[in-house]
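One is the number of the first residue; the rest follow in order along the sequence. We count ligands from 1, going down the list as the structure has it; atoms in each ligand are counted the same way.
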Amino acid sequence: MRKKMLRTLMLALAACLSLPAFAQDIALPTDYLPTAFHKKQRQAFKEKMAPNSVAVIFANPVRNRANDVDFIYHQDPNFYYLTGYQEPHSMIILFSEPQTGADGKTYDEILFAQARDPREEMWTGRRLGPERAKTLLDIAEVMDHGAFKEAEIDFAAFEEVWFPQFHNDVRDTPNDADLFDLIKQFRSKAGIPEDFNPRKHAIHQQIRTTAPDFYQSLAEEIFGTTRWNPELKDDPIIQAFVNANSIESRKKIAASIPPSNLNPQGLSNTMKQLREIKSPEELKLLRKAVSISCVGQIEVMKAMRPEMSEMEIQGIHEFVFKKYGAEYEGYPSIVGAGYNGCILHYIENNRPSVDGDLVLMDLGAEYHGYTADVTRTIPANGKFSEEQKLIYNIVLEAQDAGIAASQPGNSMRAPHQAAKAVIDKRLAELGIIQPGERHNYFPHGTSHYVGLDVHDPGTGGPLQPGSVITVEPGIYIPENSPCDKKWWNIAVRIEDDILITETGNENLSALAPRTVEAIEQMMAQKSALDNFALPNIDNK
Ligand code: GLY
Ligand code: MN
Ligand code: MN
């Protein structure tokens, strides 16, 4: 039945009946991040704040898929990391020092949580409500999100106000405490204008606070920045400062800029520092997500048959994810055979038969928020051809070099430099490129952090124990490339998730076979799906 019709009917019914309270103690998984983790991270966050500062973090928006169907809700990872709260239309305010409210209560954090609403909960699921959120999430102060509108928080009184980047993708709904309204109310209370541009704001404040001796170098630096950020070119203050020809006129421009306590960088910079280093509680979930994804690769290796479709292969991976209780995929699954493997973020997965080609499979289970990012490339027919094997082994050697370079203290670029050197050298040896030639066969980076996001935030500084990065070199040779045809449509990526340790690293995804021999051996094994056949339903 269509939801809208059913909903109208049920709302009418519900008006006549009093709805039973939902049972609160049904059996749920017990291995989520513990409340104490989120509390500890909030504390760590507050300790990194400037004195007399406030930070505001919002839940993710609900996004519409079509008509009255929304996309499955996914919480904003920063908000989840700091609260453990999974519901939309909410926000948390963190203070660097305890505040005393009008009622005399003292708190250094306030969560504005969704109100309970039995009718809505019947349709869209249980809500904690402010009272239960306060106890279960152990947050000092929790209020109904509707209370933010009247909350007397004087943002002007703080040295710094930290907040996220806002995007124009939040819908207003009839509820006047929805995310749209929370953001609008916050912007109004904190004095963030409609056309606020974080980059422009940072440059204005730099101009205001820089000593006159450094005006010239600042002007040159800003001029460089405007080349890559055309929106800065139209800003009258920036233009006047860059084009001014005397210290005096620059002084006047600087003096015309009012001071501001708005700091749009503080929140994201602090989250980068915190989220780069995984705590033991996080690593437990991340290891599980990675192991689940490896089992997905193994089961597909065993089950693969040349007549399978890309989508069917995707389905086997995702069935394994669900079987282990992984709620989502951390990103849209990529299963690309032959040429499709050359499309880096190929997600259509609609080729009917993978026969004859290498199949590149880049999939990550998301388990209780943490996502893996694992790629294996295997031959549809169970055996690598000579050409496929040669390219595969170059990528494998590049990956080994990248993993070896993933050492504490090394730069974040070190794995890429090591992997790229191998690929350049070996492609030249095969005559696919000339020695020293620039080429597009390895067009992406080798490493990114992985965690709550597949492309997790981090500082990009020297590798640190406790961070998890991918090492994922690849070679992609699409049809019509300027090399011998025998290489065309070979695409290989091998991607593992590497924990940096005190003494080196640990490959968290080592469970999934990686060498030609190990893959061929696994593919020769029987699968529980060998006899799985479905009836023909080709309707007339
Ligand atoms: N799966 C996306 C990536 O490898 O970065
Ligand atoms: Mn990746
Ligand atoms: Mn990937």
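- Look at R199 and E231 and you find a salt bridge, because one of the NZ, NE, NH1 or NH2 atoms lies within 4.0 Å of a carboxylate O, short of that distance.
- R514 has a carboxylate O that lies under 4.0 Å from a charged side-chain N of D400, or vice versa, which qualifies the two as a salt bridge.
- The list of side chain to side chain donor-acceptor pair (under 3.5 Å) pairs with a residue in residues 524-534, not counting sequence neighbours, is empty.
- Put simply, the side chain of I343 does not reach to within 4.5 Å of the side chain of Y476, judged on heavy atoms.
- The pair K284-D31 does not count as a salt bridge, with every side-chain nitrogen at least 4.0 angstrom from each carboxylate oxygen.
- Residue H448 counts as close to the Mn ion (ligand 2), with an N, O or S atom under 2.8 Å.
- Heavy atoms from other residues, nucleotides or ligands lying under 6.0 Å from CZ of R63 number more than 12.
- Sorted by chain and number, the protein atoms of type N, O or S within less than 2.8 Å of the Mn ion (ligand 3) are D362 OD1, D362 OD2, D373 OD1, E495 OE1.
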Check each N or O atom of ligand 1 against all protein N or O atoms and list the pairs under 3.5 Å, with atom names and distances to 0.1 Å, one per line.
residue, atom, partner, partner atom, Å
ligand 1, 1 (N), D362, OD1, 3.2
ligand 1, 1 (N), D362, OD2, 3.1
ligand 1, 1 (N), D373, OD1, 3.1
ligand 1, 4 (O), D362, OD2, 3.3
ligand 1, 4 (O), D373, OD1, 3.4
ligand 1, 4 (O), D373, OD2, 3.2
ligand 1, 4 (O), E472, OE1, 3.0
ligand 1, 4 (O), E472, OE2, 3.4
ligand 1, 4 (O), E495, OE1, 3.3
ligand 1, 4 (O), E495, OE2, 3.2
ligand 1, 5 (O), H448, NE2, 3.1
ligand 1, 5 (O), H455, NE2, 2.7

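- In this structure, CD on E307 lies 8.0 Å from CD on E312, to the nearest 0.5 angstrom.
- Here the OH atom belonging to Y441 is positioned 13.0 Å from the CD1 atom belonging to I423, to the nearest 0.5 angstrom.
- Under the rule for a side chain to side chain contact (heavy atoms under 4.5 Å, CB included), R438 has no partner lying at least two apart in sequence or in another chain.
- A salt bridge links R287 with E506: at least one charged nitrogen is closer than 4.0 Å to a carboxylate oxygen.
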